[in-house]
Structures are given as C-alpha cells and as structure tokens.
Amino acid sequence: MTTNQNVNDKPSIGIVGAGLVGCLAALAFTRKGYDVNLFDLRPNPSSIDRSRRNLRSINLAVSNRGLRAVEYVDEALSRKILEHVIPMQGRMVHDKTGLKQESQLYGLHGECINSIDRSYLNDLLLEELAESGVKVYFEHKLVKLGNVDTAPTMEFAKKDGNVTFGFDYIIGADGAHSHFRHQMQKGMRMDFSQKYIDMQYMELYIPPDPEKKFAIDANHLHIWPRHDFMLIALANEDGSFTSTFFSPWHVIESITSSSEFTQFFKTNFPDAYNLIGEEALVSAFDNNPRGSLMQISAYPYNSPHGKAIIIGDAAHSMVPFYGQGMNCGFEDVRILMELIEANEGNIEKAFLAYSPQRKDDLDAICKLALDNYYEMSSKVTNIWYLVKKKLDYTLGSWFENRWLPLYTMISFRDDIPYSKAVTIEAKQSRILNNLQIGLVGSILVYGAVQGARLYEKWKYR
Ligand SMILES: Cc1cc2nc3c(=O)[nH]c(=O)nc-3n(C[C@H](O)[C@H](O)[C@H](O)COP(=O)(O)OP(=O)(O)OC[C@H]3O[C@@H](n4cnc5c(N)ncnc54)[C@H](O)[C@@H]3O)c2cc1C
Ligand SMILES: *[C@@H]1O[C@H](CO)[C@@H](O)[C@H](O)[C@H]1NC(C)=O
C-alpha cells in the first residue's frame, strides 16, 4: 500500500474523477498548498494520438456561476477559458416551416452564456494540473474505499493489478454513476434516489459554412421546439455547430429506418435538415449512440466524521435543460473551498458544514432543470408565456436589482443562491399573474388598437 499521508505538514487529498469538476477541485486544493492526487479510469488524453481522438467538438454552456468558481481558483485560467468561448445572447427559436427565426434575449443588459468545447476545457484543466505538480493517475479505476471515516483508503484496479492509497481526506467526483458514492453508502445512512426521465438524446453535427463560416447565427443557442421533442444547436469556434436531438424514447423507437429518420427531420425541422444534410442524418441514425437522462440526488454529501465527500454529478446529476450541471459542480468547489477558509483550514468542519448549507440549492437547481424542459420544448412558443416573459423583462429593466427574471438570477447572478432565486421568483410570479390579469382587462378597455400598439412596443423592446 502506498501512503501519501503528511508528505509535508498539509493534509493529503485523494480525488476520484478527472472530469471537469474533479479537475477544478484538484486545482483548488493544490493552489491552497495541499498534497493532491487525482485518479481517473480513462487513459491520459494527451497520450492518445490526436488522429485517433474523436476530434468532433461536443460543447456545453458555461455561465457566470461556473466562471466565478474558476476565477476563485485561478483568475488567469478563467481569462484563458474566455478566450475560447462563443457568447450566446439568447435563444433563437426556429419555427416548423423552417423559414422563421425569432430571437429571445437571455439577459436584460445583453448578458451572455458561453458555448465552450468540453474536451478543450477538460484538457486545459489537466494541463494546468500537470504544471502545478498535482499527481494525476490515469487508468486507475476505483474499486473500493476502506476506513472511510478514520484513515481513508482507496483501492484502484489497473492493468497490472490493484493498488491501494491512503489519504487524509477523499473526494468523489466520478460522475453520475459514481462508484465512490456507492462505496460510501455502504458505511453510512445516505439518502439516495435515481430517476430516469423518459427522454433520449442524440448528438448531431452541423458543418461550417464554406462562405459564411457559421451557417446560422453563432451568438444564439438555437432551438427547434416541437412540444414533445426538440432540437438544439450551439456554435463551435471552427464554424460548426453541435446539435442535440431530445425526444421521449417512444418517438425515437417508433422510427425504424434511417429513411424514416430523415423524413422526420424534413417534416419537423426542415431548415436543420438542410444544415445537417441527408447523408449525415442517415449516418447518425445508424451509428450515433442514444443517451439517457437521469436525475440523482443524495444526502448528506459527506461521511459522518467529515473525511469524505462527493461533489459534481456524483452528488447531483441533473437533466441538461438549464445548462447548469457543470456550472453547479464548479460552484460546489467554490463553496467547499470558502468553507475550508471560513473554518481556518479545518477540512472536517468544512465537509460537515457543506451538506446542510448546500442541500436546498442543489435540490432547487435539479428541479429547475427538469421544469426548464417544458419551457424550452413548448412554452417558448406560447403567447401567454411570451407576454408574461415580456412583462417580466420589462419590470426587470424598470426596477433594476429589485425585479430579476429567474433566468437572469440562475445564469448571470452568481451571488444569488439557487434556492433564493426560486423564492424570489415565486413572489414575482404571483405579482406577474395579477398584473397579467389586470393588463388583459385594461387592454380590453383601451381597445384592440391600443393593445396591439402596446404589444408591438414590448416586442421590440
Ligand atoms: C447532453 C448534455 C448536455 C449538457 N450540457 C451542459 C451545459 O450546457 N452546461 C453545463 O453546465 N452542464 C451541462 N451538462 C452537464 C455536465 O456535462 C455535467 O454536469 C458535468 O460533466 C459533470 O462533471 P463531473 O466532473 O462531475 O462528472 P463527469 O464529467 O462525468 O466526470 C467523471 C469522471 O470520473 C471518471 N470515473 C468514473 N468512474 C470512475 C472510477 N470508478 N474510477 C476512476 N474514475 C472514474 C470518469 O472517467 C470521468 O472522467 C450536460 C450534460 C449532458 C448529458
Ligand atoms: C482488484 O479489485 C477487484 C474489485 O474489488 C477484485 O475483483 C479483484 O480480485 C482485485 N484484484 C486483485 C489482484 O486483487
């Protein structure tokens, strides 16, 4: 057994999972002077021949919470990240004829969320870790935790046999199917639930345009909402878009051949059908995997004596419809580090304080993520929703800082915890509903002409 305890007088930390969240956590601890060891079952990405790596980008949206957490850990790194993002200032809603697109801005003042290449971000974090002297062990698959709350050990399976390490503190950032969490659960009373939602996703690809570079506006998150199912697309730096098709399982399963699939696209997403291309759709139907989506919640996140903790998707996997999964995982890291600071470096105390402090916020964002599916897939085309949203945003611009639309609070206001955003929204929503009823009344009194004028004014706010 390898013991890494007390190499210097700072405690040793073992982290499982070199995904986005595990890497940021490793960087955060190493910047504070801890002896950090990071493990992942994957091979070292930099050892894989680039020609054999899947070079097609898969992107995700990074917003203020995620950026603030990176900035907290390393300001220069957050600037590096921002050099390679594509800002998205709103949604672009594509109608079923394929001829009309409507922009719906996200923020009151042009705030943006940002599209970033997932593997670029992961590689950047790994490079930073290598430079910081963090020991990163690839092809180490966690199989067992021991003595979790006294002197924690972690056993890993490698190609040439198993190896065990001991650390002062251990952190599980090994994703939704976390084995760390599973092992932790054996020794404690951790509540746990896992719920699959009836939804699959398939990744598609829109190539760069030979003339315009971007075939559609790069600075929007494109949505083709069709109630039961939807398509989205986010731009990549090279001019391509990563597109994702979401549908209930019965929809995709009722499509039995690639020609039915292309016909389905032609009917429902005619402009996307042209952008992706018939051949690529055929190939996607035959070859691309269909992902499932689930929600995981666990509580508490820490072991009873504060030696072990889970963060990121391992603790709270959410559906991707608010674009907050990684952002929230990054925020986990910031909150944890701030608690360690507040407890003067006492990690036990910080781990114990983390769970009760974080629970309501994690529950809130998981629920919002689920609710947002309905907003994206159908409400964005509903007139009541649009009027309410215009009102919401109008009030937001009149009463700066005293009236904040929910999307603004979640995506752009990292100073407002998720659960507080939900409480504020509930209050505002009651007011809005009353206003809306009142407004309909006044419109009737004012007459249709005035009303139409008023609506036009909002529309082009
Ligand atoms: C379709 C889709 C779109 C999304 N879009 C967004 C978005 O726009 N914005 C956003 O913020 N979030 C988004 N998310 C969520 C985001 O991808 C996750 O929240 C994020 O990747 C979680 O990071 P993580 O490091 O916790 O886990 P992961 O990224 O899953 O990393 C876990 C790591 O642990 C390793 N591991 C697993 N088991 C073991 C083991 N036994 N031993 C050793 N290592 C192990 C894995 O190899 C992996 O490297 C999206 C998710 C999906 C599915
Ligand atoms: C390695 O760990 C796995 C999982 O616990 C176990 O099945 C296997 O027997 C171990 N191998 C050795 C050589 O100990």
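Counting convention: from 1, in listed order, for ligands and their atoms alike.
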Please verify the inter-ring angle class for Y201 with F246; under 30° counts as parallel, over 60° as perpendicular, anything in between as tilted.
tilted

Based purely on interatomic distance, does R42 place a nitrogen or oxygen under 3.5 Å from a nitrogen or oxygen of ligand 1?
yes

Note: ligand 1 atoms sitting under 4.0 Å from heavy atoms of L142 are 40 (C), 41 (N), 42 (N), 43 (C)

Run the ring-centre check on F29 versus Y169 and record whether the distance is less than 6.0 Å.
no

Within the structure provided, determine whether K158 and V163 are in side-chain contact (heavy-atom separation under 4.5 Å).
yes

the protein heavy atom lying closest to atom 11 (N) of ligand 2 turns out to be N162 ND2, 2.9 Å

Give a yes or no on whether a salt bridge exists between K135 and D35, defined as a side-chain N under 4.0 angstrom from a carboxylate O.
yes

I'd like to know if R334 and E338 make a salt bridge, using a cut-off of under 4.0 Å between side-chain N and carboxylate O.
yes

Within reach of ligand 1, part of Q324 (heavy-atom separation under 4.0 Å)
backbone

I170 and side chain to side chain contact (heavy atoms under 4.5 Å, CB included): which partner among P152, S303, S12?
P152

State yes or no: are the ring centers of F39 and F165 separated by less than 6.0 Å?
yes

State whether E139 and R42 are salt-bridged, where the test is any N-O pair (Lys NZ or Arg NE/NH1/NH2 against Asp/Glu carboxylate O) under 4.0 Å.
no

Between F285, F245, W224, which is the residue that forms a ring pair (Phe, Tyr, Trp, His ring centres under 6.0 Å) with F265?
F245

Evaluate G323 for polar contact with ligand 1, using N/O atom pairs at a separation under 3.5 Å.
yes

Taking the side chain as every heavy atom from C-beta outward, state whether R226 and S247 have any atom pair closer than 4.5 Å.
no

Hey, is V62 touching ligand 1 through its side chain, its backbone, both or neither, going by heavy atoms under 4.0 Å?
neither

Residue that, paired with N59, satisfies side chain to side chain donor-acceptor pair (under 3.5 Å) out of N236, D117, T244
N236

Relative to atom 27 (O) of ligand 1, which among G19, A157, G291, G175 owns the nearest non-hydrogen atom?
G175

Report the member of L221, D174, V319 with the shortest heavy-atom distance to atom 37 (C) of ligand 1.
D174

Taking the side chain as every heavy atom from C-beta outward, state whether E237 and Y120 have any pair of such atoms under 4.5 Å apart.
no

Could you check which of M294, M326, R65 puts a non-hydrogen atom nearest to atom 10 (C) of ligand 1?
M326

Of all the non-hydrogen atoms in the protein, which one sits nearest to atom 4 (C) of ligand 2, and at what distance?
V143 CB, 3.7 Å

Which bit of R118 gets closer than 4.0 Å to ligand 1, counting heavy atoms only: side chain, backbone, both or neither?
side chain

Quick look: A61 vs ligand 1, heavy-atom contacts under 4.0 Å, and the answer is both

Shortest protein contact, atom 4 (C) of ligand 1 (heavy atom only):
P320 CB, 3.6 Å

Proximal ligand 1 atoms for K141, defined as those under 4.0 Å from one of its heavy atoms:
41 (N), 42 (N)

Do the non-hydrogen side-chain atoms of I13 and I347 ever get within less than 4.5 Å of each other?
yes

Tell me if the centroids of the rings in Y418 and Y322 come within less than 6.0 Å of each other.
no

Measuring from the heavy atoms of T244, does anything fall under 4.0 Å of ligand 1?
no

Counting heavy atoms only, which part of F156 comes closer than 4.0 Å to ligand 1: side chain, backbone, both or neither?
neither

Atom NZ of K32: over 12 foreign heavy atoms under 6.0 Å
yes

Could E128 and R31 be called an ion pair, given the rule that one side-chain N must be under 4.0 Å from one carboxylate O?
yes

R358 with E331: basic N within carboxylate O range, under 4.0 Å:
yes

Under a 4.0 Å heavy-atom limit, does C23 contact ligand 1 with its side chain, its backbone, both, or neither?
neither

Just need the protein heavy atom nearest to atom 6 (C) of ligand 1, so name the residue and atom and give the distance.
L60 CB, 3.7 Å

Contact between ligand 1 and H140 is defined here as a heavy atom of the residue under 4.0 Å from a ligand atom; is it met?
yes

Just to be sure I'm reading this right: ignoring hydrogens, which of Y201, Y322, F330 gets closest to atom 1 (C) of ligand 1? Compare them by their nearest heavy atoms.
Y201

As a check for students: among V143, D40, V21, identify the option with a heavy atom nearest to atom 48 (C) of ligand 1.
D40

I need the contact type for E155 against ligand 2. Using non-hydrogen atoms and a strict under-4.0 Å cut-off, is it side chain, backbone, both or neither?
side chain

Going by heavy-atom distance to atom 45 (C) of ligand 1, choose the closest among L121, L41, D313, I311.
L41

Could you list which atoms of ligand 1 come closer than 4.0 Å to a heavy atom of G312?
26 (O)

Polar atom proximity, E203 to ligand 1 (N or O, under 3.5 Å):
no

Hey, which atoms in ligand 1 end up nearer than 4.0 Å to a heavy atom of G17?
33 (C), 34 (O), 35 (C)

Using heavy atoms and a 4.0 Å limit, tell me yes or no: is A173 in contact with ligand 1?
yes

Atoms of ligand 1 close to G325 [distance to a heavy atom under 4.0 angstrom, numbered from 1]:
10 (C), 11 (O), 12 (N), 15 (C), 19 (O)

Can you confirm whether some protein heavy atom lies under 4.0 Å from atom 7 (O) of ligand 2, or whether none does?
no

